[in-house]
Undergrad: 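Take this structure, written in structure tokens, and hold onto it; I'll ask about it next.
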Amino acid sequence: MSTHSQHSQPRDFRPKETDEAEAAVVGTGPNGLAAGVVLARSGLRVHLYEAAETPGGGLRSAALFDESVLHDVCSAVHPLTASPFFRGFGLLRRGLRLHTPEISYAHPLDGTDSALAWRDLDRTRAHLGQDGPAWYRLMEPLVRRSERVTELLLSDQRRPPPFPEAALVAERLLRHGTPLSPGFRGTRAAALFAGVAAHAGGTPPDPAATAVGLLLGHLAHANGWPIPEGGSRRIADLLIDDLLAHGARLHTRHPVDDLRQLRSARVVLLDVVPRGLLAMAGSLLPDDYRRRLERYRHGTAAAKADFLVSEPIPWSDPALGEAGTVHLGDGPAALRAAERATGRGERVRAPFVLVSEPGRIDPTRAHRGRYPVWAYCHVPNGDTRDPVELVRRRIEHHAPGFSDTVLDSTGTSAARLAEYDPNYPGGDISSGAVDPVQALLRPTARLNPYATPLSGVYLCSAATPPGPGVHGMCGYWAARAALRGEFGVRTPPPLD
Ligand SMILES: Cc1cc2nc3c(=O)[nH]c(=O)nc-3n(C[C@H](O)[C@H](O)[C@H](O)COP(=O)(O)OP(=O)(O)OC[C@H]3O[C@@H](n4cnc5c(N)ncnc54)[C@H](O)[C@@H]3O)c2cc1C
């Protein structure tokens, strides 16, 4: 997989002066960039160090096959740009165009029947028949208070939760996130909820998966699940523009493998997983903390398949073509069984597959009969199989003739994804299993999960609360913790 975006304008990231960093950020995924933005806007001289050739981590886009067609290398669909960090930062005000499909996500069932999560909640209620009222009761109060619900579910989990939002979420976790939960009666609603909850590699009634389902599920009816015009890379570009405007320096092709390389900085923020911290500072860490980091668990992995196709996917149910994301997981029971087996490390015949066709939603992404198809499937951690055939067959099953439209394809196994970005060990794109323990105690039980026992050193990756996804909140909370801990600054700078 290439990290080079041929669409990028050539940019000079080399330091212009020999000034030393007051704050060093290692890793430039959305969390490293968000942390850098907060620190630079506080007036600190920030230097960011990125191992790869291009910055962005999970926010890179590249022309994989054809100069004119851009593919998202990792993340593609961005409901979590509704996070408090991105709302404050103002992506739209800075020129980002978000294309939001009318159907946020969809799940084909038998024959030509599909479950559809329309952005319009009333339409979804009507579509879900007998489960419509239950779906509406589940989502509507969350949608009405979406800003505060999102704040709660993307919090640092260390401050008093807002009411009544906390009560709403707790009640829903009890109703859908325990083994005794009644769930839904019909297949459509059950499939929709199982699919949206499976994004972080679990399934209801697991409470951590249910929380993921509530967050992403209600956003589908609130802000929708948008796709940024020009690819995910555009989000990283805007963060970098703001960093450079505030005097930050960005060093690419600059892996940090020993923390002592950064000893001149007053504060260091690490957009790395526990393994990364152990590799660069293992011998400096107290035994107890080191052992706890060693116990941090990585879970279900992803294997990525990218296709260049000559026409939009010929779904048997044309409604699927209107959805920004399609979940291929068969019925809800089959999806749950596949996810559980994958989590245990078994290779399953029909894994959960997520598919998106950005060219259908963002017209700038398709050119002269050439369209990008982004997909990944869940596989056991460390899996070495190229997923292209598996994913092609899964799509073909619901879209006969798809294979004939494929002009080119490339696969990235879970094992190779880990080489591409060290924050995805074994291909775990959640940077750590999202189970009931690690959803809350991330990376380990500590009052301040961002601080490490090393003076001035903080973790800020998706291995800290609130966990995976492109929301920037791990970086935002870590930077606030560092400002408070190292400089006594309690009020964060304005982001706009
Ligand atoms: C295939 C795939 C699909 C996804 N789809 C979506 C999606 O559609 N929507 C969504 O919201 N999320 C999605 N995600 C998840 C999302 O991309 C991640 O949760 C998010 O990027 C995590 O951000 P981060 O900053 O913590 O880490 P990352 O984005 O992984 O960035 C970490 C960066 O740190 C660098 N780094 C690590 N160690 C060092 C070191 N020692 N020295 C220097 N640099 C270092 C890495 O090279 C990398 O650039 C997807 C992820 C993948 C892989």
Side-chain angles (χ1 to χ4, degrees), residues 21 23-29 31-32 35 39 48-51 57 156-158 200-201 208 254-301 345 381-382 414-415 417-419 421-468 473-475 477-486:
V25 178
V26 178
T28 62
N31 288 312
L39 298 173
L48 298 104
Y49 302 92
E50 169 55 53
D156 62 356
Q157 302 163 349
R158 299 296 187 276
H254 195 128
V256 173
D257 24 63
D258 188 330
L259 204 53
R260 285 168 291 202
Q261 287 169 242
L262 306 172
R263 60 162 67 92
S264 61
R266 276 185 72 184
V267 63
V268 177
L269 275 88
L270 302 172
D271 185 3
V272 308
V273 291
R275 273 183 210 186
L277 174 56
L278 288 167
M280 65 175 84
S283 62
L284 307 174
L285 296 169
D287 285 350
D288 173 51
Y289 184 72
R290 184 168 41 75
R291 273 196 296 270
R292 285 198 277 148
L293 289 191
E294 283 164 356
R295 286 199 293 270
Y296 186 72
R297 292 180 306 285
H298 287 282
T300 295
N381 193 280
L417 205 52
E419 290 165 21
D421 184 335
N423 283 23
Y424 309 139
D428 169 11
I429 66 172
S430 296
S431 298
V434 182
D435 55 31
V437 174
Q438 286 197 168
L440 292 172
L441 304 175
R442 219 167 161 81
T444 180
R446 267 173 94 73
L447 222 49
N448 181 344
Y450 309 100
T452 72
L454 301 176
S455 166
V457 178
Y458 293 76
L459 282 167
C460 71
S461 72
T464 61
M473 293 303 292
C474 311
W477 291 121
R480 284 192 58 172
L483 285 174
R484 201 172 49 243
E486 306 305 317

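Numbering of residues begins at 1 and proceeds along the displayed sequence.
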Undergrad: What's the shortest heavy-atom distance between L447 and R158, and which atoms?
TA: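 Between these two residues, the closest heavy atoms are O-NE, 3.1 Å.
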Undergrad: Identify all side-chain donor-acceptor contacts of residues 454-465 below 3.5 Å with residues at least two apart in sequence or on another chain.
TA:
residue	atom	partner	partner atom	Å
Y458	OH	E486	OE2	2.6
S461	OG	V272	O	2.8
S461	OG	A463	N	3.1
T464	OG1	S461	O	2.6

Undergrad: When you measure from the side chain of D421 to the backbone of G57, do you find a donor-acceptor pair of N or O atoms at a distance under 3.5 Å?
TA: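 Looks like no, no N/O pair under 3.5 Å.
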Undergrad: Look up atom CD in Q438 and atom CZ in R295, then write down how far apart they are to the nearest 0.5 Å.
TA: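 Separation between the atoms: 11.0 Å.
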Undergrad: L277 and Y296: side-chain contact (heavy atoms from CB on, under 4.5 Å), yes or no, with the steps?
TA: CA-CA 12 Å; L277 174 56; Y296 186 72; over 6 Å; no
Undergrad: Search all heavy atoms of A415 against all heavy atoms of G382 and return the closest pair with its distance.
TA: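 The answer is CB-O, 3.9 Å.
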Undergrad: Please report the shortest heavy-atom distance between G299 and D428, naming the atom on each side.
TA: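 For G299 versus D428, the nearest heavy atoms are N-OD2, 3.2 Å.
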Undergrad: Please determine whether a side-chain nitrogen of the Lys or Arg among R260 and D258 lies less than 4.0 Å from a carboxylate oxygen of the Asp or Glu.
TA: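 Salt bridge between R260 and D258, a charged N being under 4.0 Å from a carboxylate O: yes.
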Undergrad: Check whether any side-chain N or O of N31 sits under 3.5 Å from a backbone N or O of C474 as a donor-acceptor pair, and report yes or no.
TA: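 Side chain of N31 to backbone of C474: a pair is present.
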Undergrad: Is the shortest side-chain heavy-atom distance between L293 and P443 below 4.5 Å?
TA: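 Result yes, sub-4.5 Å side-chain heavy-atom pair found.
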Undergrad: Considering all heavy atoms of both residues, which atom of A418 and which atom of G427 are nearest to each other, and what is their separation?
TA: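 A418 and G427 have their closest heavy atoms at CB-N, 3.8 Å.
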Undergrad: Return the set of residues passing side-chain hydrogen bond (donor to acceptor under 3.5 Å, both in side chains) with R480 (not counting sequence neighbours), or none when no residue passes.
TA: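 R480 satisfies side-chain hydrogen bond (donor to acceptor under 3.5 Å, both in side chains) with Y476 once adjacent residues are dropped.
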Undergrad: With rounding to the nearest 0.5 angstrom, report the CG to CE distance, D156 to M473.
TA: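 Output value for this atom pair is 8.0 Å.
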Undergrad: Just how far is it from atom CZ of R266 to atom CG of L39, taken to the nearest 0.5 Å?
TA: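 Reported to 0.5 Å precision, the distance equals 12.0 Å.
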Undergrad: Please identify each residue that fulfils side-chain hydrogen bond (donor to acceptor under 3.5 Å, both in side chains) with D435, with sequence neighbours left out.
TA: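 D435: side-chain hydrogen bond (donor to acceptor under 3.5 Å, both in side chains) contacts with R297.
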Undergrad: Before you tell me yes or no, could you show the steps for R442 and V434 under side-chain contact (heavy atoms from CB on, under 4.5 Å), namely the whole-Å CA-CA distance, both residues' side-chain angles and the distance that decides it to 0.1 Å?
TA: CA-CA 9 Å; R442 219 167 161 81; V434 182; 4.2 Å; yes
Undergrad: Begin with the C-alpha distance, continue with both residues' side-chain angles, and end with the deciding distance and a verdict on side-chain contact (heavy atoms from CB on, under 4.5 Å) for L259 and L270.
TA: CA-CA 10 Å; L259 204 53; L270 302 172; 4.0 Å; yes
Undergrad: How close do A451 and Y289 get, counting heavy atoms only, and between which atoms?
TA: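 In terms of heavy atoms, the two residues are closest at O-OH, 4.2 Å.
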Undergrad: Working to the nearest 0.5 Å, report the span between CG of N423 and CD1 of I429.
TA: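 Rounded to the nearest 0.5 Å, the CG-CD1 separation comes to 12.5 Å.
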Undergrad: So do the side chains of P449 and W477 get within less than 4.5 Å of each other, counting heavy atoms only?
TA: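 Sidechains of W477 and P449: no contact.
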Undergrad: R290 vs L278, test: side-chain contact (heavy atoms from CB on, under 4.5 Å). Steps then yes/no.
TA: CA-CA 7 Å; R290 184 168 41 75; L278 288 167; 3.4 Å; yes
Undergrad: Can you measure from OG1 (T444) to CG (D288) and round to the nearest 0.5 angstrom?
TA: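 Taking OG1 in T444 and CG in D288, the distance rounds to 8.0 Å.
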Undergrad: Check whether any side-chain N or O of N381 sits under 3.5 Å from a backbone N or O of P425 as a donor-acceptor pair, and report yes or no.
TA: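 Yes; judged by distance alone, with no hydrogens or angles, the pair exists.
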Undergrad: Rounded to the nearest 0.5 Å, what separation is found between the CG atom of L441 and the CD atom of Q157?
TA: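 Spacing of CG (L441) from CD (Q157) equals 8.0 Å.
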Undergrad: Among D271, L262, L269, D257, which residue meets the side-chain contact (heavy atoms from CB on, under 4.5 Å) test with V26?
TA: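 With V26 as partner, side-chain contact (heavy atoms from CB on, under 4.5 Å) holds for just one option, L262.
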